[in-house]
Each structure stands twice: as C-alpha cells, then as structure tokens.
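No experiment lies behind these values; they were computed from the predicted model shown. The first residue of the sequence shown is numbered 1, and numbering continues consecutively from there.
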Amino acid sequence: MTEPVDPPGPRRSHYGVLAMIAAGGAIGTGARYGAALLWPTAAGSFPWTTFCVNVVGCLLIGVLLVVLTEVWTAPAWVRPFLATGVLGGFTTFSTYCLDIERLVSGGRTGLALGYLAATLLAALAAVVTGAWATRRLLVRRIR
C-alpha cells in the first residue's frame, strides 16, 4: 500500500498560520493608515510619517524577536501574528519606494537619495538597537 500524496499548495496546517498573519497584517496596516491620517506628509517634502513608522516598526521587531527567541517560548502562532503580521503590516517599505519615486518625479532627487539612505540606516540601526537594548534589560533583570 502506498502513502497518500499531499496535493500541491499549502497544507491544512498552514492555513492557521496564514490566518494569523492576515489578522496581524490587518491590525498593522490599520495602525499605519491611522498614522498617515494623523500626520500627513505634504507633497515634495520629506516623508516623515513613513520614515518614523518604518523606524519604530524595526525597533519593535528587534525587541520582539529577542523576546521570542531568547526569553519566552511562545505558542507557534505568536511570531507569525506579531512579527510578520502586525509589524510587517505596520512597516511599509513599499510606500517608502513609492515616496522615493514621487520625490524623484517631483524633481527632488537629492531629497529622495537622502530619504533612501536615511531610512535604510535608521531602520537597520533601530533593529540592532531594539535587540541590544532588550538583551541589556534582560541581563539586568536576571542579576
């Protein structure tokens, strides 16, 4: 007797994970949309809202992943829900790219390049800072 072959595509066990990511993404994108409504960016100016959302989101990803990988044995759905869903939906590197394109199209190439570099550097620094600070705080709590 032969083993049954799984049909192509995601297995049933993946549907729950996909649902968690989608639910988290709805929360994260809703929060990002709210930030854009509260702090709109004028055309041709530095996109501060997108910049801040991406930096804060990356900081939180650094904190969250240290907690989930080094401190807390969380249920399997927590990481996809929070990291991929909520924070992945909150950060918006697609809007970042669109902002750069709009700045270049509007003749603000220097500002676009500055924004491109500043976002990359700040986002990377935020992840590292979030992870470092979380580890540092955790070491103090253990002592």
Inset, instruction - Tell me who clusters with Val17, hydrophobic residues only, linked when side chains sit under 4.5 Å apart either directly or through other members. - result: Ile21
Legend entry - side chain to side chain contact (heavy atoms under 4.5 Å, CB included) partners of Ala31, counting only residues at least two apart: Phe90
Inset, instruction - Could you state whether Trp48 and Leu103 fall into the same hydrophobic cluster, counting links through intermediate Ile, Leu, Val, Met, Phe, Trp or Tyr residues with side-chain heavy atoms under 4.5 angstrom apart? - result: yes
Inset, instruction - Would you kindly confirm whether Ile61 and Val128 end up in one hydrophobic cluster when ILVMFWY residues are joined by side chain heavy atoms under 4.5 Å apart? - result: no
Legend entry - Leu98 and Thr50: CA distance, side-chain angles, deciding distance, side chain to side chain contact (heavy atoms under 4.5 Å, CB included) verdict: CA-CA 11 Å; Leu98 184 59; Thr50 304; over 6 Å; no
Legend entry - ring-ring contact (aromatic ring centres under 6.0 Å, His included) contacts touching residues 103-136 (sequence neighbours left out): Phe46-Tyr115, Tyr96-Tyr115
Legend entry - Hphob cluster co-occupancy, Val86 + Val67, side-chain heavy atoms under 4.5 angstrom: yes
Inset, instruction - Identify whether Val53 and Val127 are in the same connected component of the hydrophobic contact network (ILVMFWY, side-chain heavy atoms under 4.5 Å). - result: no
Legend entry - Thr109: partners by side chain to side chain contact (heavy atoms under 4.5 Å, CB included), with sequence neighbours left out: Val104, Leu113
Inset, instruction - Sort and list the pairs that fulfil salt bridge (charged side-chain N to carboxylate O under 4.0 Å, His left out) and have at least one residue in residues 82-101, not counting sequence neighbours. - result: none
Inset, instruction - Write out all pairs satisfying salt bridge (charged side-chain N to carboxylate O under 4.0 Å, His left out) with one or both partners inside residues 48-61, taking only residues at least two apart or from two chains. - result: none
Inset, instruction - Keeping the roles fixed (side chain from Arg102, backbone from Gly44), state whether a donor-acceptor pair exists under 3.5 Å. - result: no
Legend entry - Approximate separation, where rounding is to 0.5 Å, of Thr95 OG1 and Phe51 CZ: 15.0 Å
Legend entry - Shortest non-hydrogen separation from Cys58 to Ala123 and the atoms involved: CB-O, 3.5 Å
Legend entry - Under 3.5 Å donor-acceptor, Asn54 side chain and Thr92 backbone: yes
Inset, instruction - To the nearest 0.5 angstrom, please state how far the CG atom of Leu65 sits from the CG atom of Leu87. - result: 8.5 Å
Legend entry - For Ser45, all residues meeting side chain to side chain contact (heavy atoms under 4.5 Å, CB included), sequence neighbours excluded: Thr41, Ala42
Less than 3.5 Å apart, which donor and acceptor atoms pair up between the side chains of residues 77-84 and the rest of the protein, not counting sequence neighbours?
none

Inset, instruction - Give every residue pair that meets the salt bridge (charged side-chain N to carboxylate O under 4.0 Å, His left out) criterion with at least one member in residues 47-74, sequence neighbours excluded. - result: Glu70-Arg135
Legend entry - Sequence neighbours excluded, every pair satisfying salt bridge (charged side-chain N to carboxylate O under 4.0 Å, His left out) that has a member inside residues 56-68: none
Inset, instruction - Please write out which residues are connected to Tyr33 in a hydrophobic cluster, directly or through intermediates, given that two of Ile, Leu, Val, Met, Phe, Trp, Tyr count as joined at side-chain heavy-atom separations below 4.5 angstrom. - result: Leu37
Inset, instruction - Check whether any side-chain heavy atom of Thr73 lies under 4.5 Å from a side-chain heavy atom of Leu68, and answer yes or no. - result: no
Legend entry - Trp39: hydrophobic cluster co-members (side-chain, 4.5 Å): Leu38
